[in-house]
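Take a look at the structure set out below.
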Amino acid sequence: MKRRSTVAAIDVGSTKVAVLVGDQGDGDAVRILGVGVAPASGLSRGVIDNIQSAREAVSIAVEKAEQACGMRILSAVVGISGAHITSQNNRGIIAVPDRTRPITLDDRARVLESAGQISIPTNRQVLHVLPRGYWVEGTDPVSDPVGMFGGRLDAETHIVTGAVSAIQNLTKCVEGAGVQVDDIILESIASATSVLHEQERMQGVAVVDIGGSTTAVAVYDEGTVAHTACLPIAGSHLTHDLARVLRCPWESAEEVKCKYGAAYADESMESQLVDIQAFGTQSSKTVTRKHICEILQARSEEILEMVGVELKRAGYLDRIAAGIVLTGGSSQLAGLAEVAEARLGIPARVAKPGGYGGLSDLIGTPSFATSIGLVEYALKGRERVAEPAGMQMPSLHFDAPVGGFFRRIASIGRALMPQ
Ligand SMILES: Nc1ncnc2c1ncn2[C@@H]1O[C@H](COP(=O)(O)OP(=O)(O)OP(=O)(O)O)[C@@H](O)[C@H]1O
Ligand SMILES: [Mg+2]
C-alpha cells in the first residue's frame with residue numbers, strides 16, 4: 001500500500017465504533033487529528049449480525065470524526081475480528097536456478113508467494129500472509145536470505161483467513177456509511193502494533209486484547225507473528241455475571257464493574273459497601289465490594305485460563321519469555337495482570353497504546369489499542385508494519401488479501417478531503 005499523509009481507521013468493536021484520523025507527525029510518531037466514537041450496534045461476538053444497525057453506528061462515528069478533524073473521510077482501513085478468523089503457518093520452497101549468484105529480492109518474493117499459497121474453501125478469504133522466516137538449503141533459519149548462496153530457498157508464512165460473508169458484511173456496512181474500504185486488518189495484529197515493544201516481539205510475547213465480547217490473541221516469536229486466535233469471551237461476560245448474580249440492570253452492573261471491580265477479592269473489601277440499582281420493590285441495594293469482586297474473579301480467571309489453553313495448544317505458553325501483554329477495554333479491570341501472572345505462571349503487563357501525539361488524553365486508554373494500530377497500518381502500509389526487524393521488503397507486496405480487491409478500491413481515490 002502507498003504511504004499516505006493523512007489516513008482514517010475504523011474499529012467496529014462490539015461495544016463501540018471508533019473512527020480515528022491521523023497523519024505522520026514529526027519523526028516517526030503517529031499524530032491523531034480527529035476521533036469519533038459511537039456506541040456499537042448490530043454486532044454479536046465481534047461479528048456483524050444486523051447490517052442496518054451497524055451501519056448507523058459507523059455513520060455516527062464517522063460523522064463525529066469528520067467534525068473533529070474538519071475533513072471528509074472517503075476511505076479507511078478497517079479492523080476485523082470474530083470466531084470465524086482462523087490462521088495457520090505454511091511453508092513454501094523454490095529452486096534458485098543459478099547457485100553461483102546470490103539470492104535476490106526477486107527470489108525472496110517468489111518464495112513468499114509460494115509460502116502464501118494454501119487451498120481454502122470458496123467461502124473463506126485470505127486476510128494476511130505474514131513472513132516468518134527463511135532457510136537456505138534447509139539449514140538453520142536466517143532472518144534475510146538476500147545475498148546468500150544456495151540452490152534451494154524455503155520460507156514460512158503465517159496465513160490468516162476469514163469467512164467471506166463476515167468480510168463482505170463488514171465491507172458493506174462501512175461502504176453503507178459512505179466510506180470505501182482501503183484494507184482489512186486483523187484487530188489483534190493492529191493492537192500488537194500499537195502496544196508491543198520490539199524486544200518483547202523478539203523474545204516471544206502474546207498480545208491479549210480483551211474487549212467487549214471477544215478476546216483477540218496474537219503471538220509474536222522471533223519478531224514475527226506466529227499464531228493468532230479469537231476467543232468468544234470478554235468484558236460483557238463479566239457484566240452479565242454481575243447482573244445475573246446481583247439481580248440488577250446491566251447498566252448498573254457495568255458501572256459497578258468499572259468503578260469498583262477487580263479480578264481478585266480479598267478480606268479488605270469485606271468492609272467496603274457499594275450501592276447498586278435493583279429490580280423489584282426496592283430501587284437500590286447494598287452489597288460488599290468483596291462479593292462483587294468474587295463474581296468478577298471467577299470469570300476473569302476463566303478468560304485467562306482460556307488464553308492459557310490456547311497458548312498451550314499452539315505450543316507457545318512455555319516459549320514466550322516476555323509473557324502476555326493485556327490490552328483492550330477489559331484489561332483495565334484492577335489486578336488483572338497480577339492474576340494472569342499467578343494463573344499462567346508467565347509475566348504479564350497491561351498496556352495502552354503509546355508513541356503517538358495529538359488528542360492523547362481522549363484515546364490513551366487500552367480500548368483504543370486496535371484503532372491506533374489500524375492508523376499505523378494505514379500510514380505505513382502492510383509491508384512496513386509486518387516486516388520482521390532488520391528486513392527490507394521487496395517492492396512486490398505479500399502481506400495482502402488474495403486477489404488484491406481492497407488494494408484496487410484503495411487506488412480509487414484519496415482517503416480524506418477538506419470539508
Ligand atoms: N475500568 C474498567 N474496568 C473493567 N472493564 C472495563 C473498564 N473500562 C471499560 N471496560 C470494559 O471494556 C469493554 C470494552 O472494551 P473495548 O472498547 O476494547 O471493546 P470493543 O473493541 O468495543 O469490543 P471487541 O474488541 O470485543 O469487539 C467493556 O466490556 C467494558 O465494560
Ligand atoms: Mg476491540
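We count ligands from 1, going down the list as the structure has it; atoms in each ligand are counted the same way. For the numbers below, each heavy atom of this structure counts, side chains included, while hydrogens, waters and symmetry mates do not.
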Under 6.0 Å from the six-membered ring centre of Phe279 and within 45° of its axis: does the NZ or CZ of Lys285 meet both?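 The answer is no; the distance or angle limit is not met.
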Could you check whether Arg91 makes a cation-pi contact with Trp135, meaning its NZ or CZ is under 6.0 Å from the centre of the six-membered ring and within 45° of the ring axis?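 Yes, Arg91 and Trp135 form such a contact.
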Quick one: do the Thr327 and Asp209 side chains pair a donor with an acceptor below 3.5 Å?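 Side chains of Thr327 and Asp209: no pair found under 3.5 Å.
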Ile210 side, atom CD1; Ser330 side, atom OG - distance, nearest 0.5 Å: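 Atom-to-atom, Ile210:CD1 and Ser330:OG are 6.5 Å apart.
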Every pair of nitrogen or oxygen atoms between ligand 1 and the protein that is under 3.5 angstrom apart - can you list them with their distances to 0.1 Å?
| residue | atom | partner | partner atom | Å |
| --- | --- | --- | --- | --- |
| ligand 1 | 8 (N) | Gln332 | NE2 | 3.4 |
| ligand 1 | 10 (N) | Gly329 | O | 3.4 |
| ligand 1 | 12 (O) | Ser330 | N | 3.2 |
| ligand 1 | 12 (O) | Ser330 | OG | 3.4 |
| ligand 1 | 15 (O) | Gly329 | N | 3.3 |
| ligand 1 | 17 (O) | Lys16 | NZ | 2.9 |
| ligand 1 | 17 (O) | Ser367 | OG | 3.3 |
| ligand 1 | 18 (O) | Gly329 | N | 2.8 |
| ligand 1 | 19 (O) | Thr15 | OG1 | 3.3 |
| ligand 1 | 19 (O) | Gly212 | N | 3.1 |
| ligand 1 | 21 (O) | Lys16 | NZ | 3.2 |
| ligand 1 | 22 (O) | Ser14 | N | 3.3 |
| ligand 1 | 22 (O) | Thr15 | N | 2.8 |
| ligand 1 | 22 (O) | Thr15 | OG1 | 2.7 |
| ligand 1 | 22 (O) | Lys16 | N | 3.2 |
| ligand 1 | 23 (O) | Ser14 | N | 3.2 |
| ligand 1 | 23 (O) | Ser14 | OG | 3.0 |
| ligand 1 | 23 (O) | Gly212 | N | 3.0 |
| ligand 1 | 26 (O) | Ser14 | OG | 2.9 |
| ligand 1 | 26 (O) | Gly212 | N | 2.9 |
| ligand 1 | 26 (O) | Ser213 | N | 3.0 |
| ligand 1 | 26 (O) | Thr214 | N | 3.0 |
| ligand 1 | 26 (O) | Thr214 | OG1 | 3.0 |
| ligand 1 | 27 (O) | Ser14 | N | 2.7 |
| ligand 1 | 27 (O) | Ser14 | OG | 3.0 |
| ligand 1 | 29 (O) | Lys257 | NZ | 3.4 |
| ligand 1 | 31 (O) | Glu254 | OE1 | 3.2 |
| ligand 1 | 31 (O) | Glu254 | OE2 | 2.4 |
| ligand 1 | 31 (O) | Lys257 | NZ | 2.6 |

Does a sphere of radius 6.0 Å around NZ in Lys290 hold more than 12 heavy atoms from other residues, nucleotides or ligands, not counting ones at 6.0 Å or beyond?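 Atom NZ in Lys290 is packed in, count exceeds 12.
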Between His84 (side chain) and Ala163 (backbone), is there a donor-acceptor pair under 3.5 Å?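 A pair under 3.5 Å: yes.
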